[in-house]
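Notes follow the structure.
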Amino acid sequence: MRSHYCGQLTAADIGSTVSLCGWVARRREHGASLAFVDLRDRTGVVQCVVDGSVDVRNEYVLRVTGVVSRRPAGNENAEIATGEVEITECQVEVLSAAEPPPIPLSDRIDVDENQRLRYRYLDLRRDRLQRNLRTRAKVNSVVRQSMEAQGFLEIETPMLIASTPEGARDFVVPSRLKPGSFYALPQSPQLFKQLSMVGGMDRYYQIARCLRDEDLRADRQFEFTQLDAEASFVSGDDVRRFITEAVLAAAEAVTGSRPAFLGDMTWLEAQERFGSDKPDVRFGMELIELTPLFTATEFNAFRAPCVKAVREPGGAGRTRKQLDEMTENAKRWGAKGLVWMRVEEGGTLNSPVAKFLSESELAAIVTATEAQPGDLLYLVADERSVVWHVLGLLRLQLGKPPVNEGGLNFLWVVDFPLFEGVDPETGGPIPAHHPFTMPHPEDIDSLGALGEPVPGSDVLLAARSQAYDLVLNGWELGSGSVRIHRGDVQQRVFELLGIGPEEQQRKFGFLLDAFRFGAPPHAGFAFGIDRLVALLSGEENIREVIAFPKTQSGLDPLTNAPSEIDQKQLNELGLRLLPKA
RNA sequence: GGUCCCGUGGUGCAGUUUGGAGUGCACGCCGGCCUGUCAAGCCGGAGGCCGCGGGUUCAAAUCCCGUCGGGACCGCCA
């Protein structure tokens, strides 16, 4: 039907007779004998000069046959790629008429997102999604090329798998042939990729769909896509090099230049400086350590395991109402309170708690924070992890730049803790990653050997793992680790976690079985394609880089999923619904 | 499970604080004019359950309660 795409016509095509197919983007009438029709396809628009009697309206689908002509001098349009030319002597064939679209398709107008999702097939015609989905396709393509150039083999893993109680909530699928039993949809191909290492595949990768039944966010959908990888006989450094190469190649393909990589930052440094394990390093306002200043203070609230501050330059003008709101936020995030201090001319501190602090303590705060007149200081005193969390969130609220500012700041966060806390009920440690994560070589001895007493919680919580995260501008793009391939280490970790032989066998039996038959040392990683594409596209929300996303409550306004199913289907699956609460 | 914001012709907004006639803006739509526009322009017109339900009031888009839908976040996401 078509000889050319609209957006690709140039002066070099002048004189050619072409056939174009596309949608009417806009029509400009100039009386009985002249009208301009902008015809749009995936590649762009081109202006067609038609008789005024041609009755076509916005979003009509046309086939136009005509001659590519140079526009009359002075009528070129530098705004569009085809602005030097136009199609004349047009024969217009209406392939499909169209009602006026319920949402404007111009990119100049913001449309309510619910409307956009309801008419997603129209929204997809808009430039924004056309561009973002092309970016996504480019990233997928380049990532594939990069992984394969590095010796990785694409292997597909099942979508219907066994449910495991660990981690995120599973989506489950009832079994028809075995009523009362359920498959789970994969949260990730984690176990299968490790099995493929035991299977001698050496280097596995997959652009894998993953599903987690957890509450949605700007950077989280039920369904998402990961570049998933695993390799044998490699170190964590090697894996990070593979992934770095793939990610930078993707970024370069999209932006045209290869961004710098900031290198490694330890988890502890990220927490101490940024109050987060996914630091946004595009702006300052780092957390400032004040704990040593108050070891002997009269002010009880500051005699805490940790006192840190964030300095907001020029923040002294904040109103009491704003400060009260911040205090409320801090409490909601888990702090007992938030202390604020205005820095006055001459460097004195104006604060509700100033009267409880000595002159030397106040002076020490000014010195440590390098506070300037007009600044505002925010202080939190609490357990160290609480101070990190609260000030980390406060820092983002005060200073986080828009997504498309500050360049691309890739970095690796390394040396994650092996355990993230102690279960208040069982007293056992809680794994920070998953139970197959290899402890850090410098800390493995502190964990003791199989059968020895469990070390104190201070020892356990200080133990690091060989887990690492890839972070970009405050977003966690992905994570990975070196896996445990030694049976004695794995047994000791299970012992520390309080997972007995029976539970091991029930939950991970097939993997442990596999490891008995010759498991290579292996390590892996996975990063979110949706998140990477969003950041490369300058989007705050991954819905903007997903063709058919769901709303925050998990609904699809286009198809009305999820929906009820027939009684017949329920019967077939051996299911009966509970009455609605 | 929780906090906050939003819901007004097809679309995007203003109006809500301080209750008084569906009042206004922009786009789109329909009709007319117009031979070089490109967000074309000019003239005219149509189009409303103010998300839904209840309450207060002489009177509710506006105040109160509930509910539905959308968004941001905390929890959650090994």
Side-chain angles (χ1 to χ4, degrees), chain A residues 25-39 45-52 57-59 69 71-80 82-83 86 88 99-119 122-123 164-170 187-188 190-191 210-222 224 325 328-335 389-390 393 396-397 400 416 418-421 423 429-437 465 467 476 479 481 497 499 507-508 528 540-541 543 550-555 557 560:
Chain A
R26 198 164 282 281
R27 169 195 171 91
R28 294 175 293 278
E29 294 178 78
H30 289 266
S33 61
L34 178 66
F36 300 101
V37 170
D38 290 343
L39 194 66
V45 298
V46 68
Q47 173 168 285
C48 303
V49 185
V50 302
D51 189 85
R57 311 205 167 209
N58 286 346
E59 302 309 317
S69 307
R71 291 193 182 192
N75 286 308
E76 300 85 359
N77 183 356
E79 302 285 311
I80 59 174
T82 60
E86 61 190 8
T88 57
E99 294 177 20
I103 58 172
L105 301 190
S106 165
D107 248 29
R108 300 165 196 278
I109 302 167
D110 280 333
V111 180
D112 176 73
E113 204 183 345
N114 202 30
Q115 297 293 335
R116 293 176 54 204
L117 293 182
R118 186 140 152 220
Y119 301 103
L122 298 179
D123 199 31
T164 53
E166 272 65 35
R169 191 177 296 113
D170 281 326
Q187 299 174 23
S188 84
Q190 180 65 37
L191 297 174
C210 305
L211 299 103
R212 294 178 189 174
D213 188 4
E214 297 290 350
D215 290 358
L216 291 76
R217 286 282 202 290
D219 62 352
R220 283 171 16 199
Q221 285 266 307
F222 286 153
F224 58 101
E325 282 173 14
E328 283 308 306
N329 285 340
K331 286 180 178 170
R332 213 175 302 127
W333 295 331
H389 179 66
V390 173
L393 289 172
L396 292 176
Q397 186 182 315
K400 187 173 178 66
F416 268 71
L418 191 59
F419 306 111
E420 67 177 16
D423 190 315
I430 302 163
H433 197 51
H434 57 62
F436 313 111
T437 306
S465 73
E476 180 197 320
S479 60
S481 64
L497 293 172
I499 300 176
K507 290 180 177 172
F508 316 111
E540 306 272 1
N541 195 305
R543 290 188 298 270
K550 302 214 171 12
T551 67
Q552 195 168 55
S553 52
L555 310 179
N560 283 322

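Just so it is clear, the structure is predicted and the values come from calculations on it, not from any experiment. In the text below, chain A, chain B and the rest are named by the order of the sequence lines, each starting its count at 1.
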Query raised in the report: Under 4.0 angstrom, heavy atoms only, what part of the nucleic acid is A:D112 near: base, sugar-phosphate, or nothing?
Result: sugar-phosphate
**Report entry** Spacing of A:K550 atom NZ relative to B:G70 atom P, expressed in whole Å
**Finding:** 13 Å
Query raised in the report: Has A:R27 got more than 12 heavy atoms of other residues, nucleotides or ligands less than 6.0 Å from its CZ?
Result: yes
Requested in this report: For A:Q115, report the nucleic acid contact type (base, sugar-phosphate, nothing); a contact means any heavy atom under 4.0 Å.
Outcome: sugar-phosphate
Report task. Kindly indicate whether the side chain of A:R217 and the base of B:G75 share any N or O donor-acceptor pair separated by less than 3.5 Å? Result -> yes
Query - Side-chain N,O (A:R220) to OP1/OP2 (B:A72) below 4.0 Å - result: no
**Report entry** pair A:V49-A:L34: side-chain heavy atoms closer than 4.5 Å
**Finding:** yes
Report task. Scan A:L555 against the nucleic acid and name what it touches under 4.0 Å (heavy atoms): base, sugar-phosphate only, or nothing. Result -> sugar-phosphate
Query raised in the report: B:C77 phosphate, OP1 or OP2: any side-chain N/O from A:H434 under 4.0 angstrom?
Result: no
Query - Under-3.5 Å donor-acceptor pair between A:E86 side chain and B:G36 base - result: yes
Query raised in the report: How would you label the contact of A:D110 with the nucleic acid (heavy atoms, under 4.0 Å): base, sugar-phosphate, or nothing?
Result: sugar-phosphate
Query raised in the report: Should A:N541 be listed as having a side-chain N or O under 4.0 Å from OP1 or OP2 of B:A72?
Result: yes
Query raised in the report: For A:T88 and A:S69, does a side-chain donor sit closer than 3.5 Å to a side-chain acceptor?
Result: yes
Query raised in the report: Whole-Å distance between B:C38 C1' and A:F36 CZ?
Result: 8 Å
**Report entry** Distance-only donor-acceptor test, A:R28 side-chain atoms vs B:U35 base atoms, 3.5 Å
**Finding:** no
Query raised in the report: Does B:C6 have OP1 or OP2 sitting under 4.0 Å from an N or O in the side chain of A:N114?
Result: no
Query - Phosphate OP1/OP2 of B:A39 contacted by A:S106 side-chain N/O (<4.0 Å) - result: no
Query raised in the report: B:U37 base to A:Q47 side chain: any donor-acceptor pair below 3.5 Å?
Result: yes
Query raised in the report: So, is A:S553 close to the B:G70 phosphate, meaning a side-chain N or O under 4.0 Å from OP1 or OP2?
Result: yes
Query raised in the report: Is any side-chain nitrogen or oxygen of A:R57 closer than 4.0 Å to OP1 or OP2 of B:C30?
Result: yes
Query raised in the report: Once you round it to whole Å, what is the distance between C1' of B:G71 and CG of A:D219?
Result: 14 Å
Query - Nearest-Å distance for atom pair CZ/C1', residues A:R27 and B:C34 - result: 13 Å
**Report entry** A:R220 with A:E214: basic N within carboxylate O range, under 4.0 Å
**Finding:** no
Query raised in the report: Do A:D38 and A:R28 meet the salt-bridge criterion of a basic N to acidic O distance under 4.0 Å?
Result: yes
Query raised in the report: Where the side chain of A:P100 is defined as all heavy atoms beyond and including C-beta, which of B:G71, B:G36, B:C29 is the nearest nucleotide?
Result: B:C29
Report task. Give none if B:C34 has no partner; otherwise give the nucleotide forming a Watson-Crick or G-U wobble pair with it, both distances under 3.5 Å. Result -> none
Requested in this report: Check every strand shown and say whether A:R118 touches a base, only sugar-phosphate, or nothing at a heavy-atom separation below 4.0 Å.
Outcome: nothing
Requested in this report: Let me know the distance between CD of A:Q552 and C1' of B:G7, rounded to the nearest Å.
Outcome: 16 Å
Query raised in the report: Contact class for A:P72 vs. all strands (heavy atom < 4.0 Å): base, sugar-phosphate, or nothing?
Result: base
**Report entry** Nucleotide of B:C73, B:C77, B:G75 approaching A:E214 most closely (side-chain heavy atoms)
**Finding:** B:C77
Query raised in the report: What is the base-pairing partner of B:C13, counting Watson-Crick and G-U wobble geometry with both distances under 3.5 Å?
Result: B:G24
